[in-house]
Amino acid sequence: MAALESPQPAATTTAMRHAFGNVLSVLILVLIGVLAFSIRLFSVIKYESVIHEFDPYFNYRVTQFLSKNGIYEFWNWFDDRTWYPLGRVIGGTVYPGLTLTAGTIWWVLNSLNIPLSVETVCVFTAPVFSAFASWATYLLTKEVKGSGAGLAAAVLLAMVPSYISRSVAGSYDNEAVAIFALIFTFYLYIKTLNTGSLFYATLNALAYFYMVCSWGGYTFIINLIPMHVLLCIVTGRYSPRLYIAYAPLVVLGTLLAALVPVVGFNAVLTSEHFASFLVFIIIHVVALVYYIKGILTPKMFKVAVTLVVSIGMVVCFIVVAILVALVASSPTGGWSGRSLSLLDPTYASKYIPIIASVSEHQPPTWPSYFMDINVLAFLVPAGIIACFSPLSDSSSFVVLYIVMSVYFSGVMVRLMLVLAPAACIMSGIALSQAFDVFTGSIKYQLGGSSNSTDNAEDTNNAPKDDASAGKTDKGEEIVKERSSKKGKKKEREPADKPSVKSKAKKKALVLPLETSIVALLLLIMLGAFYVIHCVWAAAEAYSAPSIVLTSQSRDGLHVFDDFRESYAWLSHNTDVDDKVASWWDYGYQTTAMANRTVIVDNNTWNNTHIATVGTAMSSPEKAAWEIFNSLDVKYVLVVFGGLIGYPSDDINKFLWMVRIGGGVFPHIKEADYLRDGQYRIDSEATPTMLNCLMYKLSYYRFVETDGKGYDRVRRTEIGKKHFKLTHFEEVFTSHHWMVRIYKLKPARNRIRGRAKKLKSKTTSSGWSSKSEKKNPWV
Amino acid sequence: MKQSSVVDLLLLLLTIAVLATPAFSDLVLSKVERRIDVTSQFARVTKTLKVVNPGSESVSEFMLIFPKFLGNNLAYLSVKTKRPVANLSVKKADPKGIPDSISVYSVGLPKTLSKGDTLTLEVVATFTNVLQPFPEKITQGEIHLVMLQESSQYLSPYTVESQSLSIKLPNARIESYSKLENTKLQGSELKYGPYKNLSPFSYSPIVVHFESKAAFSVAEKLVREIEVSHWGNVQVTEHYNVVHRGAQLKGEFSRLDFQARPNPRGASAFRHLLARLPPRAHSIYYRDDIGNISTSEMQSDSKKTELLIEPRFPLFGGWKTFFTIGYGLPLSDFLFASEGKRFVNISFGSPMIDLVTEKLIVQVVLPEGSKDISVTTPFAVKQSREIKYSHLDIAGRPVVVLEKDNVVLDHNQHIQVYYKFSNINLLSEPLMLISGFFVLFITCIIYTRADFSISKSSPTYLAKLQWDEVLATLQEVQSIIQKCLAAHDKLEASLRDLSRTGDIQTCKAARKSTDSLLKDLSKELKPLQGFLQSSPSASHISPKVEELVVKEKELQEKLMAKHTTVVEGYEKKSSGRDIENRIASQQQKIIALRQEIEDLLEFIDEI
């Protein structure tokens with residue numbers, strides 16, 4: 001039996017425990033932030049502080065422009081370096097959130113005289129924002145299931161591989177800030193829902209605005225929240241808090257969203273947003289019903305219901321009819337291609353080869369779930385169950401969130417990123433509840449035995465500061481859960497803290513001591529596996545910047561820096577206004593690193609233009625030369641991996657060039673390039689394939705390297721070995737032949753006599769074939 | 001190019017012929033030896049001049065003249081006397097009556113040269129851009145040929161009695177050379193002369209056409225930033241815009257040829273640059289706009305640090321590239337003190353060997369708060385001042401900017417930047433940071449402690465105050481209830497003692513003390529309850545509290561009853577089982593009540 005303490009200290013210990021718990025959670029949160037930041041630095045340590053991949057280069061270039069020219073110039077920026085000769089209005093077609101964020105950070109730092117370069121700021125934006133994202137996860141989960149679950153979820157999110165893949169240092173992409181914005185918007189929604197405060201509702205609209213600025217994925221929010229609102233209404237959970245959480249969001253949010261140039265009137269015109277308006281109407285109707293119910297007697301209310309329902313039906317019908325008419329009148333039925341491929345996973349591969357050609361738009365495979373969320377996949381169901389006991393407004397929201405994101409991630413690999421926070425929240429809840437139960441029963445058992453009283457008499461155990469201790473415990477448990485060293489301590493600690501939970505609950509939850517300890521150890525092991533996997537994924541799988549490749553050979557690390565080599569060459573040794581044609585993958589990098597005008601880039605907004613380049617690449621040399629010449633192209637850049645075995649080269653992407661080109665220009669027929677349904681470049685290849693520009697530019701003089709022309713990617717000898725280029729000349733090939741740049745030869749002089757003769761001829765094709773044959777230079 | 005130079009030469013000769021020579025004193029050069037070294041990309045001319053004054057007037061000035069096309073490319077000129085060794089001052093002169101096609105430099109002699117005196121001068125001159133690639137465009141496989149134009153006779157305003165010229169060519173193929181009298185080719189050395197008794201302004205053009213394997217690496221612009229930090233580091237950052245100034249590449253560049261047969265296919269390209277950095281250089285990096293360049297090697301020993309850098313791509317004629325190298329140097333090797341001032345003693349030019357810099361900008365960034373800045377340089381440079389704002393600067397750091405065109409290896413001499421700096425300034429930035437964080441924390445503390453509500457009379461504010469009071473009261477109620485429960489426990493304990501010892505008296509005493517304690521507690525509880533009932537914001541709590549108090553009372557009564565029963569039982573010496581039977585029903589109720597109370601307490605606690 002515990003000694004009778006004087007009452008005053010008991011109260012102060014409670015306060016102290018509270019304070020201690022708060023300080024501890026703040027400390028843990030800071031550590032989580034550090035963890036989230038530092039686990040993403042592998043790319044800088046293993047490689048260098050450099051922008052990664054493709055899209056980040058565009059964002060980097062925009063940020064450079066922004067920091068150099070200011071915000072107004074940025075809004076009006078017409079970029080003539082891409083999509084030549086069309087150009088692109090960057091200010092109006094880009095989600096500005098990321099660039100504005102990084103630009104602001106840069107500006108603040110520089111006005112404090114901390115001279116960081118724009119590049120450095122861009123490289124480290126993503127890690128910084130992932131720290132923010134894990135804090136936002138803490139807040140969100142805390143609103144749902146208390147701070148213990150919040151801390152657990154924050155730790156899990158800080159290192160979930162799926163998110164790491166998009167936010168390592170250097171991965172300067174929209175998703176880097178958008179995930180933070182997403183979670184934070186959800187947090188504010190839940191916070192408003194729990195408090196009913198207009199202050200948070202306004203903040204929520206602002207957070208939503210930030211999300212709209214940052215990423216096209218904002219449609220997920222504006223569909224998920226209405227769904228939840230609808231769910232609440234249907235399950236009879238309507239409250240004024242729900243109204244405050246939803247109505248201002250729709251009104252303010254839509255107004256603010258329309259301010260972003262790239263969204264503009266889409267915020268009210270496209271069907272992705274219609275769900276929110278529909279629910280907006282519904283919630284008003286419901287609010288009205290509740291209000292009337294309050295002021296009428298039950299009898300009168302029944303009369304009113306029948307009246308309103310009949311009128312409401314008519315109004316709804318009209319509104320729906322108008323909407324359907326509007327949607328039907330727009331060409332894609334009001335849904336953009338990417339959104340449609342979300343609803344119908346086969347849509348893209350059927351109709352839009354450009355969307356299908358991007359690997360991240362493909363449905364994921366099962367292993368990628370394990371790779372990207374690892375053990376969370378197993379914890380999520382437990383979390384869902386925990387959310388149902390008891391089901392609150394907020395927990396129903398996270399359940400809805402996980403369900404929707406699981407569906408979307410199943411459609412597109414890229415949306416795995418939306419699943420990751422949901423999975424972390426669920427797993428955090430599951431872990432925290434499990435730890436609660438296990439440590440609770442251990443405490444109970446140990447507490448019981450130390451007092452040498454049996455269960456029946458347990459009623460008499462020192463009943464001090466009940467629930468408060470439970471709360472701080474949760475916080476502590478999370479720390480221990482992370483560091484398995486401290487794990488052992490946990491078992492000792494409860495001994496000096498007598499059991500505190502109410503008996504009724506306890507009796508239901510009590511598990512045998514040994515079971516609890518074993519279960520705890522297993523959970524800690526599970527966590528350890530997760531940590532190991534995450535660190536491995538961060539270090540090995542997701543840190544490669546993809547512009548620098550490395551390979552480990554016998555004589556140490558070998559670096560393949562061919563991309564930058566050739567971009568540097570382009571940037572220093574060609575005229576500043578020269579146009580460079582390449583497949584669209586390299587468009588952003590060429591404009592950013594080489595500062596040269598490109599024909600197509602990763603923005604892929606103009607299918608015809610891309611198809612033109614695809615057609616040129618799949619045409620014979622002469623025809624390709626004419627296409628390129630008409631586009632004022634001076635250099636053609638191809639990526640070739642055959643010498644060193646780099647698999648994602650242009651020959652492997654060639655099928656998309658043919659498909660996209662053929663989709664617009666029917667004279668390119670995919671069947672011409674296929675032998676037995678495959679793209680082949682060996683001796684079995686079709687003549688069309690062996691004569692197309694891509695083949696020739698890739699394999700020009702390749703046979704002379706080893707005498708056979710053995711392609712290390714396709715693992716075969718090439719089909720046509722010795723050939724000459726007539727309309728192109730090689731001007732640069734990088735050290736490992738990964739990038740080859742060719743120059744278009746100038747048009748040949750017409751010979752006077754022949755020109756006269758040719759005047760009578762009408763078709764230009766006839767002219768070209770003749771002159772080609774007789775020209776002495778060919 | 002060649003054509004125009006030749007025309008220039010002809011013009012030059014014409015003008016010289018017309019020229020009367022009143023401007024120059026009538027010194028005589030008794031012996032002139034010239035050696036021209038063209039093994040690298042520039043021409044380094046070393047002359048030994050024996051000057052005699054045959055006239056009556058004493059002379060204190062000596063004139064060096066060059067044809068304009070050489071004079072324009074003159075990068076470095078130094079004149080020394082042999083015995084005693086002394087550097088003479090050289091300045092560009094513009095005497096009247098000299099045609100435009102001649103550049104004139106006047107040398108101040110160490111002592112006036114009176115009649116019959118002789119003096120030996122050592123002249124070193126370095127010319128850039130005088131080796132003209134010819135042909136101007138070559139393909140990847142062709143060899144790189146360059147052409148040198150000179151005069152076999154020493155161009156001088158004075159009579160030359162005897163002179164000779166030797167040209168040191170790179171050890172390679174010689175395409176052609178002007179064959180005059182007394183011309184000899186020995187190995188790679190071409191000799192002209194000796195020639196005797198030449199009148200002033202004699203000129204006889206020669207052209208040598210030969211293969212050069214030297215790297216024609218030219219930095220079109222080089223910005224060297226030398227940042228001095230009194231925390232112990234000198235950070236040097238150098239931005240190079242390098243171009244290959246040899247014959248331009250014509251036609252294709254084939255990597256295959258370059259890799260398979262680098263010689264001769266690619267002989268005209270250069271792949272490496274060698275930088276000889278000061279010893280103890282550390283934290284060396286090599287990068288460009290788009291990131292790190294991984295192709296560099298470093299070797300260091302106690303005397304020097306050698307950095308072999310390879311540009312991203314081999315540079316062929318006309319190709320350009322850009323890169324940055326940076327390194328840190330220990331401050332103690334470069335910072336010295338003299339006469340109350342400090343001075344940085346650091347090399348002026350680029351550490352790259354075989355690199356000609358067309359425009360060199362050296363920025364010496366001194367620590368914030370440096371004063372009385374002055375610069376000494378061994379040769380004339382353009383100076384200006386700037387302010388640079390870097391980490392946490394307020395006033396900015398003074399920057400000494402030195403600019404010079406056409407810089408060659410001979411310019412790699414030390415410059416000294418003198419300034420005054422007090423060490424107190426070093427502490428300003430840490431102090432600023434400390435005070436910044438201090439202020440931040442203080443603000444946080446104040447913010448959490450102080451009451452910032454705008455209106456002290458607004459209903460929400462009042463409600464908040466009231467609520468705080470309610471919470472405080474609640475806590476008191478809680479603690480009292482806890483005390484009651486503790487008292488109950490004591491009572492139970494006494495009962496247990498009774499069953500063990502059978503000592504009725506102590507048990508009764510315990511009962512008495514508990515009774516009084518409980519009475520006191522219930523008295524304390526009354527006003528609190530009253531307050532909770534009266535305050536409107538506690539309306540939803542007060543019933544619970546009431547319930548709690550009632551339950552507690554009930555429990556108390558039950559306990560008392562149980563106690564009495566047990567004690568009575570003992571007094572009557574009833575059997576233990578009898579007593580237990582009697583209190584069994586009470587015991588159950590007590591447990592149930594206790595449970596309810598704890599539930600209520602938990603509920604209140606959650607508020």
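Numbers restart at 1 for each chain; the letters A, B, ... are given by sequence-line order, proteins then strands.
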A.B. asks: Look at atom CD of B:Q588 and say whether more than 12 heavy atoms of other residues, nucleotides or ligands are closer to it than 6.0 Å.
C.D. replies: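 No.
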A.B. asks: Between A:F732 and B:F313, what is the ring plane arrangement, given parallel below 30°, perpendicular above 60°, and tilted in between?
C.D. replies: perpendicular
A.B. asks: Would you confirm whether A:E704, through its side chain, and B:D257, through its main-chain N or O, come within 3.5 Å as a donor-acceptor pair?
C.D. replies: no
A.B. asks: Given a strict heavy-atom distance threshold of 4.5 Å, which part of B:D289 is in contact with chain A: side chain, backbone, both, or neither?
C.D. replies: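 The answer is the backbone of B:D289.
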A.B. asks: Checking the side chain of B:E252 only, and the main-chain atoms of A:E730 only, is there a donor and an acceptor separated by less than 3.5 Å?
C.D. replies: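 The answer is yes, because a donor-acceptor pair under 3.5 Å joins these two groups.
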A.B. asks: Return the option, out of A:Y567, A:Y700, A:Y60, with the maximum number of heavy-atom pairs under 4.5 Å with chain B.
C.D. replies: A:Y700
A.B. asks: Tell me whether A:N113 contacts the main-chain N or O of B:D393 through its side chain, where contact means a donor paired with an acceptor under 3.5 Å.
C.D. replies: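 Yes; judged by distance alone, with no hydrogens or angles, the pair exists.
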A.B. asks: Go through B:T295, B:L392, B:I290 and name the one with the most non-hydrogen pairs under 4.5 angstrom from chain A.
C.D. replies: B:I290
A.B. asks: Exactly one of B:F253, B:W319, B:F316 should register a ring pair (Phe, Tyr, Trp, His ring centres under 6.0 Å) with A:W569. Which one does?
C.D. replies: B:W319
A.B. asks: Hey, could you give me the OG/CD distance between B:S254 and A:E729, rounded to the nearest 0.5 Å?
C.D. replies: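 It is 12.0 Å, given to the nearest 0.5 Å.
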A.B. asks: To the closest 0.5 Å, what do you measure between CZ (B:R255) and CG (A:L643)?
C.D. replies: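 The distance works out to 11.0 Å.
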A.B. asks: Using a 4.5 angstrom heavy-atom cutoff, name the option from B:N241, B:L256, B:L249 with the most pairs to chain A.
C.D. replies: B:L256
A.B. asks: When you measure from the side chain of A:R564 to the backbone of B:I293, do you find a donor-acceptor pair of N or O atoms at a distance under 3.5 Å?
C.D. replies: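 Side chain of A:R564 to backbone of B:I293: no pair is present.
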